[in-house]
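What follows is a single structure, written as structure tokens, with notes after it.
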Amino acid sequence: MHPYVEKKNGVFPSVCSLDCPDQCGLLVHKKNGKIMKIDGDPNHPVTKGSICNKVRHMAERIYDVKRLEYPLKRTGKKGENQFERISWEEALNTISSKWKSLIETDGPESILPYSFYGNMGNLSAEGMDRRFFNRLGASRLDRTICQAAGSEGYKYTMGGSFGIDPEDTIHTKLFIFWGINAVSTNMHQMTLAQKARKQGAKIVVIDVHKNQTGRMADWFIPILPGTDSALALGIMHILFKEELTDEGFLKEYTSGFKELREHVKQYDPHTVSELTGVPAEDIVKLAKMYGETSPSCIRIGNGLQHHDNGGMCIRTIACLPALTGQWMHKGGGAIKGNSGFLAFNTNALQRPDLLRKKQTRTINMNLIGEELLSADPPIQSMFVYGSNPAVVAPESGKVKKGLMREDLFLVVHDLFLTETAAYADIVLPASSAFENTDFYTSYWHHYIHLQEPVIEKFGESKSNAEVFRLLAEKIGFTEQAFKDTDAEMINQALNNTHNPYLDNVTFDELAEKKWIKASVKPLFPGKLNTPSGKIELYSGAMEKAGYQPLPVYTPLVKESELPFLFVPGPNHNFLNSTFSNNQKHVSLEKTPLVHINKKDAEEAGLSDGDTAIIWNGRGECELTVAAGENVLPGVLVTQGLWAEDPAKKQLVNVLTPDRLSDMGKGAVFFSGRVGIKKKERP
Ligand SMILES: Nc1nc2c(c(=O)[nH]1)N[C@H]1C(S)=C(S)[C@@H](COP(=O)(O)OP(=O)(O)OC[C@H]3O[C@@H](n4cnc5c(=O)[nH]c(N)nc54)[C@H](O)[C@@H]3O)O[C@H]1N2
Ligand SMILES: Nc1nc2c(c(=O)[nH]1)N[C@H]1C(S)=C(S)[C@@H](COP(=O)(O)OP(=O)(O)OC[C@H]3O[C@@H](n4cnc5c(=O)[nH]c(N)nc54)[C@H](O)[C@@H]3O)O[C@H]1N2
Ligand code: SF4
Ligand SMILES: [Mo]
């Protein structure tokens, strides 16, 4: 037993496991062997003791009466939520014998893992599971639901997920929070911006919704969904025209600035205003502010890339700091994602060699509904862990139909009986991150953390790594890869990383220090991972891949004539669908709202507090009306991936399209069209 677990009382260091850029250092307070309280660790260099309300109330989730304690097998029909307790032995035997027979009749590709970052721990999310499914030769999953489009777009411009060190943003003089609801989703970047504001920095927020973050801004700029690349090109137009560019930087560290200068002449303020809904004078004012303030930092959010044109949009915005040479100034540049600095040895962790060169098919997680219904040859079994596709994947109607398939053998490993688990044949209880050993690498700050278990495993729950070790044994895999301990796997992942920023970090050193900062250096002066080694304003690689080599604006797909664009993002008190089943968090969030412009509300005969039916060809949803000036006409915004509740139609993904974005095969949750009408009382 780990010494932290052995001690019944005390305060223990930990790290937040949730899919959130902040990756806070935590202190777990224990009494009689149970977590009493979770606080921020005041010694953590970035998060400095403050944490969000969600995780302050995490203990209520850990000990929720609904938490799974034992393996279950289904006794009722799929979706009816009727299960009975079974032993681990029976659960593992059922899975392994079903899979062995499927492998014989249909081949291993009839089995599909489906997972995401419900637990950001690298062992949990991409460790023993990957080894196991590689060795099995199962279908592979393309994990594209979150940042695929933007990461590809950013990479074309900047060569990888590298931005500025958030700790440097205390020096920043101008923040542009662009398509990010940072107050809810990256609170410590907001704290840093507030600190900088005390030294005179300004905060600009560009969003389709004036939410908590917009309300904090010195200047909030509302924009029409999916038009941000046009705004960025309009800013470039003015920067070049007014000679606010840094010619020295452009010559030394970028390629294609001459072509770009010519190209953006077409994006004059009048044209851009028509496209974006931003007044021409505001475009000019913003461009001048950007051109004249240094250091400036653009925090590029996820909202931009959940659109049909998301990849190009982020590729375009990523060009901006180069025009004014911001990368040369401490606190200047952009942050889209910083995972590149903490890249570890994924081959050693995931062991693709266990596939033995087999060319297995890949299934895109955003198309899971469609694929369950029509993949050829069919998916006969799916193992879901660390994700809740019935709620989070686009076109929920199709996803459910797929999960309902009588002949689909579904296994779900989770802490709770999620909406997805309701369709499972076998449900396995997962231990929480506080019960496991794992290592964590933030995608925003530059620290790597070790998580050591602080409490005993809940009931009979097991970690992801344990489950796949046991399954490997049952199936009869004898490789050493399946016997490696957690500590061994962590050392393998940290060894030979080809990442100079992570030199010499080991498990033992992490165990001693709890967190270690990657030895990062500023990107410039220096060479990037792009083909030219420079920031690619013109990208030959994009041209080769069939994209426009220069940044452009492409309108969203007009999927129907319905009058509204529908933007269903995450909310403040849940983390995706996590916490949507915990009473405390639901009571903090109250009820799902649909924000509509006053004018549109009047026309539709809707007032505050009405229940509205939001609908399209895919389905319908019922939300409470909030009419006002928080969104532009023609836009509806709602927040939160609420739990399924038969009495309330609040599954927003019933309405979202399962098209794929321009790059990275990403999800386009925010590019769907809908109508809205009042729900008359019966
Ligand atoms: N509290 C909380 N924190 C979270 C999460 C959560 O669910 N809850 N989820 C975590 C995860 S997995 C992720 S990926 C991140 C996501 O967090 P963010 O990066 O903040 O992304 P979103 O919340 O999806 O969208 C950000 C903003 O983009 C706006 N937006 C949508 N479309 C457009 C557009 O076309 N143009 C512009 N300018 N703005 C647009 C939305 O109104 C929203 O305010 O947060 C993480 N942190
Ligand atoms: N409409 C709309 N849909 C969206 C989004 C949006 O903005 N709008 N955002 C999208 C984005 S950015 C993302 S990242 C996805 C996120 O989608 P998911 O990754 O599915 O996230 P969650 O809904 O939080 O589900 C995570 C699940 O993992 C479980 N879990 C936690 N820890 C462990 C563990 O250690 N082991 C196992 N086996 N299970 C564990 C949790 O209990 C929870 O049920 O949603 C996407 N869906
Ligand atoms: S969810 Fe984010 S802000 Fe909240 S404790 Fe975890 S890392 Fe920190
Ligand atoms: Mo995400």
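The first residue of the sequence shown is numbered 1, and numbering continues consecutively from there. We count ligands from 1, going down the list as the structure has it; atoms in each ligand are counted the same way.
At least one heavy atom of Arg61 sits under 4.0 Å from some atom of ligand 2. Ligand 2 has no atom lying under 4.0 Å from any heavy atom of Gln147. At least one heavy atom of Gly569 sits closer than 4.0 Å to an atom of ligand 2.
Selection from Tyr117, Phe670, Phe669 by nearest heavy atom to atom 10 (C) of ligand 2 gives Phe669. Of the candidates Asp129, Asn464, Val391, the one placing a heavy atom closest to atom 37 (C) of ligand 2 is Asn464. For atom 45 (O) of ligand 2, the nearest non-hydrogen atom from the set Val412, Leu18, Val392 belongs to Val392. Across Asp438, Leu417, Asn576, Asn119, heavy-atom proximity to atom 16 (C) of ligand 2 is greatest for Asn576.
For atom 38 (N) of ligand 2, the nearest protein heavy atom (residue, atom name, distance) is His413 O, 2.8 Å. With hydrogens left out, the protein atom closest to atom 19 (O) of ligand 2 is Phe116 CB, 3.3 Å, a heavy atom. Closest to atom 8 (N) of ligand 2, if we only count protein heavy atoms, is Pro568 O, 2.7 Å. The closest protein non-hydrogen atom to atom 3 (N) of ligand 2 is Asn653 ND2, 3.1 Å. The shortest contact between atom 43 (C) of ligand 2 and any protein heavy atom is with Asp414 OD2, 3.5 Å. At the shortest separation from atom 15 (C) of ligand 2 among protein heavy atoms lies Ile145 CG2, 3.8 Å. Nearest protein heavy-atom contact of atom 39 (N) of ligand 2 is Gly386 N, 3.2 Å. In this structure, the protein non-hydrogen atom closest to atom 33 (C) of ligand 2 is Leu415 CD1, 3.6 Å.
With salt bridges taken as basic N to acidic carboxylate O contacts below 4.0 Å, one links Lys37 and Asp39. Ion pairing between Glu559 and Arg659 holds under the 4.0 Å rule for side-chain N and carboxylate O. A salt bridge links Lys457 to Glu466: one of the charged nitrogens lies within less than 4.0 Å of a carboxylate oxygen. A salt bridge links Lys78 to Asp425: one of the charged nitrogens lies within less than 4.0 Å of a carboxylate oxygen. Residues Arg469 and Asp129 are not paired through a salt bridge, judged by the lack of any N-O separation under 4.0 Å between the basic side chain and the carboxylate. Between Lys517 and Glu167 there is a salt bridge, since at least one side-chain N of the basic residue sits less than 4.0 Å from a carboxylate O of the acidic one.
Judged by distance alone, the side chains of Asp658 and Asn366 never bring a donor and an acceptor atom under 3.5 Å apart. Asp142 and Thr362 are not linked by any side-chain donor-acceptor pair at a separation below 3.5 angstrom, with hydrogens and angles left out of the test. No side-chain donor from either of Tyr117 and Asn122 sits under 3.5 Å from a side-chain acceptor of the other.
The local environment of NZ in Lys54 is crowded, with over 12 non-hydrogen atoms from other residues, nucleotides or ligands closer than 6.0 Å.
Heavy-atom proximity to Thr578, at under 4.0 Å, picks out these atoms of ligand 2: 22 (P), 23 (O), 24 (O), 25 (O), 26 (C), 43 (C). For ligand 2, the atoms closer than 4.0 angstrom to any heavy atom of Pro570 are 7 (O). Which parts of ligand 2 touch His306 is read off a 4.0 Å heavy-atom cut-off, strictly below it: atoms 12 (S).
Contact check for Lys584 versus Met58: no side-chain heavy atoms found under the 4.5 Å cut-off.
With a 4.0 Å cut-off on non-hydrogen atoms, Ala430 touches ligand 2 through its side chain and not its backbone. Residue Leu641 touches ligand 2 through its side chain alone, judged by heavy-atom distances below 4.0 Å.
Protein atoms of type N/O/S that fall under 2.8 Å from atom 2 (Fe) of ligand 3 number 1 in this view.
With sequence neighbours excluded, the residues satisfying side-chain contact (heavy atoms from CB on, under 4.5 Å) with Tyr70 are Arg85, Glu460.
Between Ser577 and ligand 2, at least one pair of N/O atoms sits closer than 3.5 Å. Residue Thr418 places no N or O, backbone or side chain, under 3.5 Å from any N or O of ligand 2. Residue Asp19 has no nitrogen or oxygen atom sitting less than 3.5 Å from a nitrogen or oxygen atom of ligand 2, judged on distance alone.
Ring geometry for Phe468 versus Phe133: interplanar angle over 60°, hence perpendicular rather than tilted (30 to 60°). A tilted orientation is assigned to the rings of His188 and Trp444, their planes being inclined by 30° to 60°.
Side-chain N or O atoms of His307 include none that pairs as donor or acceptor with a backbone N or O of Asn309 at under 3.5 Å.
A cation-pi contact links Lys30 to Phe12, judged by a cut-off of 6.0 Å to the six-membered ring centre and 45° from its axis.
When all heavy atoms are compared, the tightest approach of Trp99 to Leu136 is CE3-CD2, 4.2 Å.
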